[in-house]
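Order of listing sets the numbers, starting from 1, for every ligand and every atom in it. These numbers come from a predicted model, not from an experiment.
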Amino acid sequence: MCGIVGIIGREQVAPLLVDALKQLEYRGYDSAGVATLQDGVLDRRRAEGKLVNLDKLLKENPLGGTIGLGHTRWATHGAPTVRNAHPHTTPRLAVIHNGIIENFAELRAMLEKDGYVFETETDTETVAHLVTRALDRGLDPVEAVRETLPQLRGAFAIAIMFKGEDDLLIAARNGPPLAVGYGDGEMYLGSDAIALAPFTDSLSYLEDGDWAVLTRSGVVIYDETGATVERPVQKSAGTAFLVSKGNHRHFMEKEIHEQPEVISHTLANYLDFSKGTIRTDAAPIDFAKIDRIAASACGTAYYAGLIGKYWFERIARLPVDIDVASEFRYREMPLSKDSLALFVSQSGETADTLASLRYCKQQGLTIGTIVNVRESTMARESNTVFPTLAGPEVGVASTKAFTCQLAVLASLAVAAGKMRGTINEDEERQLVRELSEIPRYANQALRLEPQIEAISRDLSQVKHVLYLGRGTSFPLALEGALKLKEISYIHAEGYAAGELKHGPIALIDESMPVIVIAPYDHWFEKTVSNMQEVAARGGKIILITDEKGAAASTLKTMHTIVLPDTPEIIAPIIYALPIQMLAYYTAVFMGTDVDQPRNLAKSVTVE
Ligand code: M6R
């Protein structure tokens, strides 16, 4: 989940590499580095921590040269120190890598036996020495890489630059994504289209097993058999990817506020507002012929899928098995060919979700993916892509991608209900009308921001928080806890409200805030009973409900956040907003790095 970039250009590349790394920093920010080649000589600058440190270093001690590599790291092997920062070099080359070389220990032992001296604890350095060893034996760079690649096991996107070779970059992909960018007398490499957006919108994507030899005049791509192959050159959204915070303090704040608009764009893709129906082209899958859905995803996307399960099962009477992808991929669950394999992912690159997708594909299932990045690997490998139109999400904590995923899942559940005859035309129209109201209700929810900011000040003083909910509010409780812990570092747990008395109630005392998500739905009374149990033990309740719920509850709460009364199907989407704002403002009060919380990365391309 590091970000990599390579340029063979005409201008000085170091500042350009830093520009590209700015777009890639969401993939990791433990350290950053660039290497360039000037007059045939390799040189590099590396800095611990965020890219600003590298930028500063380069300003103090610039690097010349029109060919170079850049890397932003999410540490896997070895601490996030300067020594372990990429690019890694030998006297003959510089290499950058995203992924994990699984057999690095045995390769390292073999290379050390041959006299190669390692400077770092990284797995990447084995690639540097393996290729160097081949060069030392007299092979040219292309042959050296050709010989090295079959020796590597694991997931990698790598790029190599060679001493004395001013017009050559070699790259390879096995797992994590890698794009080749085409310029005018210039060529580029990058982990994704966003990285290359400052330079070009003409891209081709390497497939697994591909490796590419770039010069200023073009690229030759080989597949894993060594045969030359053509990969289509596509136009990406190019500079449209370039995003800024605008007037917001953080990307997360901006992305929370974008939700009414981007949900509306997403819905327009699935709903025919004028007819009040699901668009016929929105779900090119015959849900009537499907016996169940096998779904998997990670993190927030998994919680979106979990909410989708409630919708598919209730509205379309279609059973959904859902699992976190890191478990699903190894569980060897029996799968029926009549099932739809459904994946949910913002990035479309998450390693475990992608592996689950490939597993299901091997088993012969139809693959549908709800994905935000249209050019991602998952999108390219799916039979059907259900796009979310959230736009680029930069904050590591997922917000707008989550609510857009929910908008898609709800629309698909209605489509499935219609196809399976579990809802009639009137019910379809009613549900579509309710879905089309999400943007309006989301705007109303955003108006609660000042109150939520005030509540968050209290929350920032505590050490632990419990989130409770029933029905679709249960996965939302899990999401609320994830959001809070990932950006504020406050320990939080989400529970199904009914599970409270099976253990977690032991944690309740006066110092434990309990955030109860309870719209006035058919679970409300039961959730209120669980709130009573918390109150009886001195727990401090923060109730998130609607006007009817607030009127019906007589319990004393620490705070009550009152949303408008919403139709039941859209409640999880609207209630997500106060949940996100609570986490956001708590983190702001704690003074954490909201957009780039410690130890995390936006796109998790290692397992
Ligand atoms: O790109 P994906 O949606 O596949 O990513 C999945 C998770 O890594 C992601 O949702 C993660 O949990 C976020 N940090 C949550 O805010």
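Counting the atoms of ligand 1 from 1 in the order shown, those under 4.0 Å from a heavy atom of Ala397 are 16 (O). Atoms of ligand 1 found under 4.0 Å from any heavy atom of Ala301, numbered from 1 in the order shown, are 3 (O), 10 (O). Contact atoms of ligand 1 toward Glu486: 13 (C), 14 (N), 15 (C), 16 (O) (distance under 4.0 Å to a heavy atom of the residue). Near Ser398, with a cut-off below 4.0 Å to any heavy atom, the atoms of ligand 1 are 15 (C), 16 (O).
Ring geometry for Tyr359 versus Phe328: interplanar angle over 60°, hence perpendicular rather than tilted (30 to 60°). Between Phe312 and Phe287, the ring planes lie tilted relative to each other; the angle falls in the 30° to 60° range.
Taking a cutoff of 4.0 Å between a charged side-chain nitrogen and a carboxylate oxygen, Arg73 and Glu25 do not qualify as a salt bridge. Between Asp210 and Arg173 there is no salt bridge, since no side-chain nitrogen of the basic residue lies less than 4.0 Å from a carboxylate oxygen of the acidic one. A salt bridge is defined here as a Lys NZ or Arg NE, NH1 or NH2 lying under 4.0 Å from an Asp or Glu carboxylate O, and Lys235 with Asp201 meets this definition.
With respect to atom 3 (O) of ligand 1, the closest heavy atom belonging to the protein is Gln346 N, 2.6 Å. For atom 4 (O) of ligand 1, the nearest non-hydrogen atom of the protein is Thr350 OG1, 2.4 Å. Closest to atom 8 (O) of ligand 1 among all protein heavy atoms lies Val604 CG2, 4.0 Å.
Checked against a 3.5 angstrom limit, the closest N/O atoms of Thr300 and ligand 1 fall inside it. Taking distance alone, with nitrogen or oxygen atoms compared against 3.5 Å, Lys602 stays at or beyond that limit from ligand 1. On a distance-only criterion, Ser347 and ligand 1 share at least one N/O pair closer than 3.5 Å.
For the ligand labelled ligand 1, residue Val396 lies inside the 4.0 Å heavy-atom shell. Using a non-hydrogen distance threshold of 4.0 Å, Lys483 registers as a contact of ligand 1.
Figure legend: Arg457 and Tyr585 shown without cation-pi pairing, the cationic atom not lying both under 6.0 angstrom from the six-membered ring centre and within 45 degrees of its axis.
Of all heavy-atom pairs between Ala442 and Ile574, the closest is N-CD1, 3.7 Å.
With hydrogens and angles ignored, the 3.5 Å screen pairs a side-chain donor or acceptor of Lys400 with a backbone N or O of Pro392.
Of the options Ser376, Cys298, Gly299, the smallest heavy-atom separation from atom 6 (C) of ligand 1 is shown by Cys298.
Under the 3.5 Å distance criterion, with hydrogens and angles disregarded, no donor-acceptor pair is assigned to the side chains of Ser398 and Thr300.
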